[in-house]
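Some notes on the structure that comes next.
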Amino acid sequence: MPEGTCAHHPGDTAAQLAAVFAASRDAILVVDRHGIVETVNGAAESLFGYPADRMAGQPLDMLVPPESGMDHGPTLAARIAAGEGAARAMDGGRDVTALAADGTRLPISVTVVRFDGNDGPRFVGTVRDRRGETDALAGWRDSAARLDRNETLMRTMIHASPLGVAVSRRDGEILVANQRLAEIGHTTPEALIGTNARDFYADPADRDALIAELRRHGVVRDREVRYRRMDGEVFWGLVSLMPTVYEGVEGIIIWLYDISGHYQALLDVVPAEVALLNGQGAIVTVNAAWRASDELNGRPGDSAMGTNYVAVCREAGGAGTSDVGLAADGIEAILNGSRDEFSLVYQCPVAAEERWFKMLVRPVSGALGARVAVMHVNVTDQVRVEKDLRAATNQAEQANRAKSAFLAGMSHELRTPLNAIIGYSRLAGESAEDCNDDDLAGDLGHIEGSAKHLLEMINDIMDLSKIEAGRMDVRREAVDVRGLLDEVSGVAEPLARANNNRFRAHVVSDPGPLVSDQLKIRQSLLNLVSNACKFTSDGHILLSAQREAAGGRAWAVFTVADSGIGMTEEQLGRIFQDYTQADRSTSRQYGGTGLGLSLTRQFCDMLGGRLDVTSTPGEGTRFTLRLPTGQPAPDTLPACQGSGWRGPVLVVDDDAADRQAMREALEAADYRTLEASDGETALRTTREAKPGAVVLDLFLPGRDGWDVLAALKNDPDLCHIPVVVATILESGGQSATLGATDMLPKPVRPERLVSVVDRQCAGRANPHVLYVDDDAASRDLVRRTLEQGGYSVATAADGRAALERLGRLRPDLLLVDLIMPGLSGFSVIEAVRADPALADIPVVVLTARDLSPEEESWLAEHGGPVMQKGAYCPESVVALVRDACAQGGAS
Amino acid sequence: MTEERPVLLVEDNEMNRDMLSRWLKRRGWTVILAPDAETALARFDEMTPRAVLMDVDLPGMNGWQATREVRRRPGGGGVPVVALTAYALNEFEEEAEAVGCDAFLTKPLDLDAVTATLQRLTAGSAA
């Protein structure tokens with residue numbers, strides 16, 4: 001403001017203006033028409049760093065940095081000189097850079113006002129210091145300015161984008177679109193320009209929702225929306241929106257990615273027909289298989305997006321019952337969350353040939369707004385196979401039923417006349433006896449006997465047929481072993497008497513609780529006993545029961561031994577075959593169906609047990625029936641104490657002369673002897689003196705020899721003592737069957753007695769055991785235990801050493817650990833079994849680990865009893881070894 | 001056992017009927033015969049027998065049904081019924097118990113067992 005003005009207009013106004021001029025926080029400069037500074041205020045002094053007198057009279061250009069001519073355009077001075085813009089706010093606040101006294105560049109905003117004074121025009125410049133403004137604002141201003149200036153760059157970005165990009169006006173009119181977007185829309189970029197983005201939304205309401213979101217949040221990111229291509233196809237796009245200015249026009253930039261293709265590729269490789277439905281049950285998308293089979297299978301509805309599949313199913317199927325109705329129910333159940341899955345097998349209603357599908361409905365989440373996936377899988381082949389299988393099964397069952405019915409009927413038809421035959425034979429036989437016609441009575445007896453034989457055969461055939469047809473049930477009940485033996489004895493005794501045999505039954509050691517099928521065991525034992533009675537005359541038959549522990553299980557063992565005709569090895573191989581007897585002549589001579597043993601073995605298998613047989617022609621046969629008790633093995637076996645093996649020989653006979661003869665014979669052979677004349681004394685003496693062997697007469701006053709023998713064998717302390725039975729029952733050829741270890745015919749010949757006792761005392765007192773184990777502690781423990789039990793023991797630390805030793809010295813028994821370094825126990829057993837000189841050596845296996853079923857069956861075939869290490873106590877090893885030695889010796 | 005109430009033998013097979021009745025008579029039992037269930041029920045109504053030997057496999061009404069009928073009759077509850085059948089099936093034994101038979105014997109019959117069973121079941125009953 002010129003001083004002259006103030007001077008010419010003294011008063012309040014001038015004073016006020018001067019005060020404003022001085023107090024203004026903006027710098028104010030007054031410049032004449034030549035660009036020379038006339039006056040500045042205090043704020044200008046402090047802003048530019050010059051005192052007022054250094055600026056007054058100077059050209060304004062002193063405040064302009066030399067490099068920023070561009071910013072200022074023509075210099076203010078020059079513009080002023082050109083008489084530019086009177087009273088015009090020059091650019092209404094232009095941002096420029098000024099040069100301060102100290103050389104720093106100052107960002108300033110300048111407003112210039114011209115006024116015409118008396119001496120010509122002047123210019124008043126108001127300068128605001130921009131250094132206080134925020135950096136962010138400065139940045140925005142900068143980038144806005146840059147964007148504004150770099151539309152070329154923007155165009156490049158639009159057209160080179162891997163996404164579909166378009167810019168539209170706010171009303172949706174497309175200003176520019178890239179090639180990628182055109183590809184997604186199945187059109188060209190040129191064709192898109194001028195169209196309205198709104199028209200490409202499958203549901204225009206979706207666009208309204210997006211624009212509303214854009215208004216609220218300034219940006220829309222990654223929304224899944226259904227669009228329509230130029231050719232009408234609907235697809236899912238992943239879209240983002242932002243406001244923008246394009247070529248000076250305010251609008252919206254759109255980024256679009258076609259995710260339908262993305263999911264579709266995955267869905268299309270699925271061989272099943274797949275549709276995704278939204279929360280309302282409308283189709284979101286379908287895969288290629290679905291589209292391909294749509295018409296073929298006459299499925300309700302089409303595959304068009306948006307079709308409500310549930311509604312279509314409802315319409316086609318009504319409620320409930322029909323397949324489509326059930327399908328609709330299933331989908332709804334999944335949509336409302338009441339079920340997690342639904343499946344339905346249905347027959348395709350329209351196809352010419354039979355077609356079956358399985359419909360599967362599962363919830364899905366996320367993609368494309370889908371809530372549920374519906375799949376149809378062609379299961380025609382499976383259904384056909386299942387049908388065939390069911391038909392075959394039905395047929396088989398029907399055939400089986402028919403067979404059972406036939407057998408039952410057949411049995412009935414055969415039994416009815418047999419009833420008359422047996423009954424009339426009995427009646428006629430009685431009449432014949434009344435008339436004392438013995439020949440006729442005998443003949444009628446033969447008729448009755450034959451009829452009964454026929455009946456037995458019918459019963460056996462029925463049983464075998466039942467087993468074959470799988471209609472034989474196995475009961476599991478508590479079996480009373482003693483009661484069972486009594487029952488069998490009741491039947492067996494008259495049978496035994498018929499051939500002048502003596503029958504005995506005894507429980508060697510109570511098997512404890514036995515859970516099995518009592519009837520089948522009874523029938524099996526009766527079969528074995530009646531066989532024994534049939535093939536033995538003037539001899540004896542022994543039925544015994546005892547317990548055994550093997551393979552971690554407790555077993556009930558029944559033995560039926562006879563002193564009958566026995567069988568050869570070849571005959572033994574055939575006896576378990578149906579309808580086969582040891583010899584064809586056998587049935588002629590002895591009768592029998594040949595089915596009894598086969599049945600017994602089948603029963604045994606059904607009960608989880610095993611039937612074994614050993615026999616010597618002319619000496620007798622021993623059947624052993626081993627059945628699992630269904631109880632765990634006891635912790636320890638009733639261990640026989642190993643002491644007394646080399647003790648004296650006890651002679652038990654009520655005949656003093658016989659006793660003396662035997663005593664003399666034994667003493668002549670350097671045996672000490674003890675004597676007893678009755679059963680009680682014999683037992684007492686045995687308990688007290690623990691003799692090395694007992695020679696036992698069977699016919700004694702009071703407790704007879706059978707009782708003594710049973711008592712000895714039932715006593716864990718005494719059961720190991722060899723008992724030689726001296727009997728007048730038969731003059732030779734009989735083997736030991738009663739738990740007796742040997743049998744002597746009476747009258748006893750001295751040399752025979754001594755050799756038998758020698759065999760018992762010497763042969764059994766010191767059997768040679770080879771024990772193979774890599775664990776030194778086990779070797780020591782087992783060796784000492786066995787030696788205490790009267791065995792001589794050699795040890796080997798590995799398989800190779802064991803085989804070397806076996807080559808030099810044949811042991812009576814091989815005790816072998818399975819797991820050893822180098823040659824394993826399996827290999828040792830294999831080598832022993834392969835060597836003819838060693839093959840018959842009994843083998844007992846010790847193992848520290850559980851065996852696989854394969855190993856178990858291999859061992860059952862090649863080895864002997866298996867004992868788990870850790871599960872055994874030394875005494876039980878001795879018991880096992882003794883059993884194995886005894887069996888090895890008997891075979 | 002003279003002039004006791006008779007045993008009613010129901011059996012359709014003539015030979016078996018004859019054989020069994022002769023066996024029973026020889027052992028001192030009085031026997032009346034019926035070849036089918038209908039006749040048997042009529043005989044039963046005429047005079048309540050001491051016991052009934054009932055063949056199961058009868059023409060028309062079978063032995064099970066006949067036994068049920070016997071059990072419904074006045075005085076029929078206390079008369080022992082022994083079922084006889086040539087079907088050796090476990091199911092039959094259960095059925096026999098279900099319809100109220102006192103014993104079940106399979107054919108061919110052990111004749112001694114027949115008389116022993118009758119004796120056991122009629123022991124103590126009024127002649």
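Residue numbers begin at 1 in each chain, while the letters A, B, ... track the order of the sequences. These numbers were taken from a predicted model, which means no experiment stands behind them.
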Non-hydrogen atoms of chain B under 4.5 Å away: do they reach the side chain of A/S425, the backbone, both or neither? neither
Portion of A/L455 that has a non-hydrogen atom of chain B nearer than 4.5 angstrom: side chain
Can you tell me which residue pairs pass the ring pair (Phe, Tyr, Trp, His ring centres under 6.0 Å) test with a partner in residues 470-494 of chain A, sequence neighbours excluded? none
Side-chain contact test, heavy atoms from C-beta onward, threshold under 4.5 Å: evaluate it for A/T416 versus B/M15 and give yes or no. no
Do the side chains of B/K107 and A/L418 get nearer than 4.5 Å, heavy atoms only? no
Would one find more than 12 heavy atoms of other residues, nucleotides or ligands at under 6.0 Å from atom [atom1] of [X]?
{"X": "A/M410", "atom1": "CE", "result": "no"}
{"X": "A/Q395", "atom1": "CD", "result": "no"}
{"X": "B/E97", "atom1": "CD", "result": "no"}

Determine the minimum heavy-atom distance between A/I422 and B/P108, stating which atoms define it. CD1-CB, 3.7 Å
Of the non-hydrogen atoms in B/A86 and A/R415, which two are nearest, and what is the gap between them? O-CD, 2.8 Å
Spacing of A/Y424 atom OH and B/N16 atom CG [to the nearest 0.5 Å]: 7.5 Å
Can you measure from CG (B/L84) to CG (A/N419) and round to the nearest 0.5 angstrom? 8.5 Å
Contact class of B/D57 relative to chain A, heavy atoms under 4.5 angstrom: side chain
Pairs satisfying salt bridge (Lys or Arg N to Asp or Glu O under 4.0 Å), at least one member in residues 486-496 of chain A, at least two apart: A/E487-A/R522
Does the distance from a Lys or Arg side-chain N to an Asp or Glu carboxylate O, for A/E430 and B/R27, drop under 4.0 Å? yes
